[in-house]
Amino acid sequence: MAAAQTHKPLTIDELARQVRLPVRTIREYHTMRLLPPPERRGRLGLYDTRHVQRLQLITRLQRRGYSLAGIRDLLGAWENGTDLVTLLGVDESQTALDETPLLLSRAELFQRLPALDPGTLDRACQTGLVRPHGEDHFVVRSPALLGLVADWVEAGVPLDQALDVIEVLTGDLGALAGKLTDLIVGRIWDPVSATSRAGQLPDMLRRGRPLLLQGAASTLADRLGAALAEYADTADDGGWLRAALDDIQVGAIADSAGTIHRRGDRR
């Protein structure tokens with residue numbers, strides 16, 4: 001983003017204008033230790049590119065459903081040297097993969113997805129992308145999926161076609177959730193509850209839920225990458241897709257030395 005290229009020191013008012021946030025919000029971020037302190041020149045505090053980038057990151061994470069407290073913990077762990085893949089992957093209390101649902105007014109929802117109209121809004125509700133909450137508000141269960149649809153539409157994809165993808169995703173995941181519930185209750189919970197280890201069930205749920213979410217996300221990413229690669233290898237017009245997959249390293253594997261191996265490589 002152009003704002004991240006700032007080199008000239010900024011006052012707090014200039015910073016607020018550049019990142020389009022109220023000054024009081026920036027001061028609140030200071031209080032919550034979300035933002036590094038400015039450089040002091042006498043009584044004047046000056047901000048630089050680091051502060052612009054940090055504020056942009058906070059805004060992006062909020063749009064994805066993270067709370068300010070969660071963002072503070074995330075940034076603090078990052079600055080203390082915790083690996084972000086590990087941090088985001090498995091959190092035994094509240095996995096970062098489980099987004100906080102977002103409550104938006106009708107106007108806020110239409111601002112985030114301008115292609116919506118009364119007809120497509122009904123379809124968005126049917127697919128599970130959003131659900132009504134009262135007369136004029138909507139709950140977005142996954143802000144990430146809303147952002148994904150908005151990105152697709154901005155790139156020129158018709159909204160109905162983007163919603164087709166969401167409908168298949170939510171429908172199949174709903175069916176999968178039902179099957180997994182039957183299996184988990186019958187094959188895991190019932191045997192444990194029938195033994196003297198029944199007291200372990202809350203801890204098993206607390207630890208097992210984020211581990212299952214992480215495993216499901218990793219497995220889906222792997223299967224999706226493999227399916228895209230197979231299409232790229234077999235379709236007559238698959239060259240552009242193969243180039244894109246290689247560019248973003250879909251299916252790549254890192255060994256213990258940090259060397260990246262692309263899908264299909266042999267050691």
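In this chain, numbering begins with 1 at the start of the sequence shown.
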- Item | Steps toward side chain to side chain contact (heavy atoms under 4.5 Å, CB included) verdict (L146, L104) | CA-CA 12 Å; L146 180 64; L104 298 176; 4.2 Å; yes

If I take atom [atom1] from residue [X] and atom [atom2] from residue [Y], how far apart are they, to the nearest 0.5 angstrom?
{"X": "L176", "Y": "L180", "atom1": "CG", "atom2": "CG", "value": "4.5 Å"}
{"X": "L129", "Y": "L113", "atom1": "CG", "atom2": "CG", "value": "7.0 Å"}
{"X": "H51", "Y": "Q18", "atom1": "NE2", "atom2": "CD", "value": "13.0 Å"}

Would you check if [X] and [Y] make a side-chain contact, meaning some heavy-atom pair closer than 4.5 Å?
{"X": "V157", "Y": "V149", "result": "no"}
{"X": "I58", "Y": "L34", "result": "yes"}
{"X": "V52", "Y": "L10", "result": "yes"}
{"X": "L55", "Y": "Y29", "result": "yes"}

Report whether [X] and [Y] are members of the same hydrophobic cluster (ILVMFWY, side-chain heavy atoms less than 4.5 Å apart, transitive linking).
{"X": "M32", "Y": "Y47", "value": "yes"}
{"X": "M204", "Y": "L212", "value": "yes"}
{"X": "L201", "Y": "I184", "value": "yes"}

Do [X] side-chain atoms and [Y] backbone N/O form a donor-acceptor pair below 3.5 Å?
{"X": "E14", "Y": "T11", "result": "yes"}
{"X": "T25", "Y": "L21", "result": "no"}
{"X": "H137", "Y": "L103", "result": "no"}
{"X": "T127", "Y": "I166", "result": "no"}
{"X": "E108", "Y": "S105", "result": "yes"}
{"X": "T219", "Y": "A216", "result": "no"}

- Message: Check this for me: R20, atom CZ, are more than 12 non-hydrogen atoms of other residues, nucleotides or ligands nearer than 6.0 Å?
- Response: no

- Item | More than 12 heavy atoms from other groups under 6.0 Å of CZ on R106 | yes

If you take all heavy atoms of [X] and [Y], which pair is closest and at what distance?
{"X": "P132", "Y": "F138", "result": "CA-CD2, 3.7 Å"}
{"X": "R50", "Y": "P36", "result": "NH1-CB, 4.1 Å"}
{"X": "L228", "Y": "L241", "result": "O-CD2, 3.5 Å"}
{"X": "L102", "Y": "P143", "result": "CB-CG, 3.9 Å"}
{"X": "W152", "Y": "A162", "result": "CE3-CB, 3.8 Å"}
{"X": "H30", "Y": "P38", "result": "CE1-CD, 3.8 Å"}

- Task: Determine, for D117 against R123, whether the closest basic-nitrogen to carboxylate-oxygen distance falls under 4.0 angstrom.
- Result: no

- Message: Tell me whether R41 is salt-bridged to E39, with the criterion being a basic N under 4.0 Å from an acidic carboxylate O.
- Response: yes

- Query: Given the rule in the side chain to side chain contact (heavy atoms under 4.5 Å, CB included) test, do L159 and L116 qualify, once you have shown the distances and angles that lead to the verdict?
  - Reply: CA-CA 8 Å; L159 179 58; L116 280 174; 3.9 Å; yes

- When you look at R242 and D237, which way does the salt bridge (charged side-chain N to carboxylate O under 4.0 Å, His left out) test go after all the steps? CA-CA 10 Å; R242 166 55 64 190; D237 60 346; over 6 Å; no

- Task: Output, in order, the C-alpha distance, side-chain angles, deciding distance and verdict of side chain to side chain contact (heavy atoms under 4.5 Å, CB included) for Q53 and L57.
- Result: CA-CA 6 Å; Q53 292 173 336; L57 175 59; over 6 Å; no

- Item | Check against side chain to side chain contact (heavy atoms under 4.5 Å, CB included), V23 and I26 | CA-CA 5 Å; V23 169; I26 296 176; 5.6 Å; no

